[in-house]
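For reference, the structure is listed below as structure tokens.
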Amino acid sequence: MQFDRLLTNARLATMVPGGTAYGAIEDGAIGISGERIAWAGPVAEVPGEAAVTENMDGRWITPALVDCHTHLVFAGDRSDEYERKLAGEDYAAIARAGGGIRKTVEATRKAGAAELAAGALSRLDAYALEGAGTVEIKSGYGLTHDSELAQLKAARGVGLASGMRISATLLAAHTVPVEYEGRPGAYIDEVCIPLVREAARTGLADAVDAYCEGIAFTPEETRRLFIAAKAAGLPVKLHADQLSDTGGGQLVAEFGGLSADHIEYTNEAGIAAMGKAGTVGVLLPGAFYALRETQRPPVEAMRAAGVPMAVATDANPGTSPLVSLLTAANMACTLFHLTVEEAIAGITREGARALGLAGEIGTIEAGKMADLAVWDIERPAELVQWIGKRPLHGRILGGEWL
């Protein structure tokens with residue numbers, strides 16, 4: 001077997017389940033051909049030669065990190081709301097008073113495409129420094145036909161400029177815009193559903209999301225949107241049961257959804273349905289922390305039901321001003337009681353699963369994309385233990401060093 005590049009003298013955290021912790025291979029090697037991993041295993045078993053051989057000097061290599069839930073394309077500032085929350089106001093009250101998502105919507109509608117893309121790229125820099133290879137970006141701060149499409153186009157452009165894989169999600173059903181005040185059903189029918197069809201036709205979106213909550217959309221309204229998404233050939237995911245139990249976990253599982261995100265209040269029936277459907281539970285500890293929530297996601301129930309658990313930043317200007325995936329992993333362990341291995345799987349293997357990309361990225365296996373992160377660490381646990389430390393040596397995306 002002839003490789004384009006062979007990485008030797010490496011310790012591999014392949015994140016392939018069912019074997020050693022982290023799927024670890026202590027004296028490992030990775031053969032890369034083109035954009036993909038051609039072989040990975042013990043260095044003593046390398047089945048060929050390479051045009052270029054590189055000694056990793058005992059460094060750890062993981063799959064490039066995956067953030068499966070962000071809101072990185074937006075304009076404006078909501079630091080005033082941070083001060084208001086510290087003073088005792090809750091998020092629901094701020095949103096009802098015209099703050100929250102609506103404030104970002106107002107600023108985003110006024111921004112040009114170049115401004116939106118530049119802002120997103122500046123935020124994405126933090127992910128690059130922490131070994132990310134794939135980041136999901138949602139729309140949801142335009143809430144009109146043209147502005148939602150502009151956000152999706154900005155997300156696609158950010159991917160081209162950064163070299164990262166960007167998964168774009170249509171989240172037009174994020175909140176009810178002021179012009180549809182009191183008419184959320186009409187907004188779903190007149191704006192969101194036509195947007196679903198347009199985003200599918202143009203290839204601007206990889207999935208459709210919604211915010212099913214008392215301050216946003218009902219399960220019935222969400223169901224209409226999901227029916228349209230499935231008819232258009234787009235998979236669905238859901239901001240589910242963050243502030244109350246709306247049955248969101250069960251609803252998204254009914255549609256074979258990729259993920260149910262937040263899920264602090266998801267009930268037992270919802271967890272069971274997610275387990276049967278293979279729907280990933282996406283844990284967002286940044287929002288839990290920023291909102292000072294006390295209701296933790298039902299992690300034990302998810303383990304018992306076999307629900308895969310991903311971890312993401314939920315990066316947004318109001319309720320989760322977090323652009324560090326490693327810090328999100330630390331929070332998931334400290335606040336939600338995940339193990340270190342579960343947390344690293346959550347930002348690699350399970351994050352990929354939550355995006356419908358488990359066949360392409362998230363583990364170090366032959367046939368998958370050669371998206372890798374190389375670390376100056378002694379144990380994988382260091383990635384989660386430290387807050388603010390960035391031990392990245394370098395990234396390989398699509399078989400090339402960045």
Side-chain angles (χ1 to χ4, degrees), residues 1-16 19-67 124-135 159-166 325-326 329 341 344-345 347-349 351-352 357-386 389-402:
M1 184 178 290
Q2 183 71 27
F3 307 117
D4 295 328
R5 172 174 278 120
L6 181 66
L7 309 179
T8 65
N9 190 20
R11 290 178 283 181
L12 311 182
T14 68
M15 302 314 298
V16 175
T20 59
Y22 309 103
I25 300 173
E26 286 286 343
D27 189 9
I30 301 174
I32 299 171
S33 294
E35 295 182 330
R36 296 190 178 270
I37 298 168
W39 180 87
V43 70
E45 300 176 13
V46 174
E49 299 179 346
V52 176
T53 299
E54 298 176 85
N55 188 332
M56 294 293 99
D57 295 319
R59 293 183 175 91
W60 279 94
I61 302 178
T62 69
L65 305 188
V66 179
D67 194 330
L124 205 60
D125 285 345
Y127 291 87
L129 293 172
E130 289 194 349
T134 298
V135 176
L160 293 173
S162 68
M164 291 191 199
R165 181 194 294 259
I166 298 297
L325 198 49
L326 295 180
E341 186 171 3
I344 295 178
I347 58 175
T348 54
R349 182 182 72 232
L357 296 173
E360 285 285 296
I361 57 172
T363 59
I364 299 175
E365 295 181 87
K368 293 200 173 178
M369 288 293 292
D371 287 1
L372 307 167
V374 184
W375 307 95
D376 290 314
I377 56 175
E378 285 302 315
R379 300 181 69 249
E382 287 184 51
L383 297 177
V384 176
Q385 174 196 11
W386 286 92
K389 186 178 180 181
R390 286 173 165 164
L392 183 71
H393 176 75
R395 292 179 301 158
I396 295 174
L397 299 184
E400 298 292 336
W401 285 99
L402 269 71

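As a basis for the values below, the full set of heavy atoms in this structure was taken, side chains included, without hydrogen atoms, waters or symmetry mates.
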So, for [X] and [Y], which heavy atoms are closest and what is the spacing to 0.1 Å?
X	Y	result
Val374	Trp401	CG2-CH2, 3.8 Å
Ile32	Gly399	CG2-CA, 3.9 Å
Ala64	Leu397	CB-CD2, 4.0 Å
Val16	Ile364	CG2-O, 4.0 Å
Arg11	Gly58	NE-O, 2.8 Å
Gly362	Pro63	O-CG, 3.3 Å

Taking [X] for its side chain and [Y] for its backbone only, find out whether a donor-acceptor pair lies under 3.5 Å.
X	Y	value
Asp371	Gly133	no
Glu382	Ile377	no
Lys368	Ala358	yes
Arg349	Thr363	no

I'd like a table of donor-acceptor pairs (distance under 3.5 Å, sequence neighbours excluded) in which one partner is a side-chain atom from residues 19-28, with atom names and distances.
unit_1 : atom_1 : unit_2 : atom_2 : d
Thr20  : OG1    : Ala24  : N      : 2.8
Thr20  : OG1    : Ala24  : O      : 3.0

Are any non-hydrogen side-chain atoms of [X] and [Y] less than 4.5 angstrom apart?
X	Y	value
Val52	Asp4	no
Leu6	Ile30	no
Leu124	Val135	yes
Pro47	Phe3	yes
Ile61	Ile396	no
Val66	Leu325	no
Tyr127	Met164	yes

Which residues pass the salt bridge (charged side-chain N to carboxylate O under 4.0 Å, His left out) test with [X], not counting sequence neighbours?
X	answer
Glu341	none
Asp376	Arg59
Arg395	none
Arg379	none

Qualifying residues under side chain to side chain contact (heavy atoms under 4.5 Å, CB included), relative to Ala126, sequence neighbours excluded:
Val323, Arg390
To the nearest 0.5 Å, what is the distance between [atom1] on [X] and [atom2] on [Y]?
X	Y	atom1	atom2	answer
Leu7	Asn55	CG	CG	10.0 Å
Trp375	Met56	CH2	CE	14.5 Å
Trp60	Leu12	CH2	CG	8.0 Å
Arg165	Ile361	CZ	CD1	5.0 Å
Leu372	Ile37	CG	CD1	5.0 Å

Pairs flagged by side chain to side chain donor-acceptor pair (under 3.5 Å) wherever residues 32-49 is involved - sequence neighbours left out
Arg36-Glu360
Step by step, work out the side chain to side chain contact (heavy atoms under 4.5 Å, CB included) result for Val43 and Asn9.
CA-CA 7 Å; Val43 70; Asn9 190 20; over 6 Å; no
Would you please name every residue forming a side-chain hydrogen bond (donor to acceptor under 3.5 Å, both in side chains) with [X], sequence neighbours left out?
X	answer
Thr134	none
Asp125	none
Arg5	Glu54

More than 12 heavy atoms of other residues, nucleotides or ligands under 6.0 Å from CD of Glu378: yes or no?
no
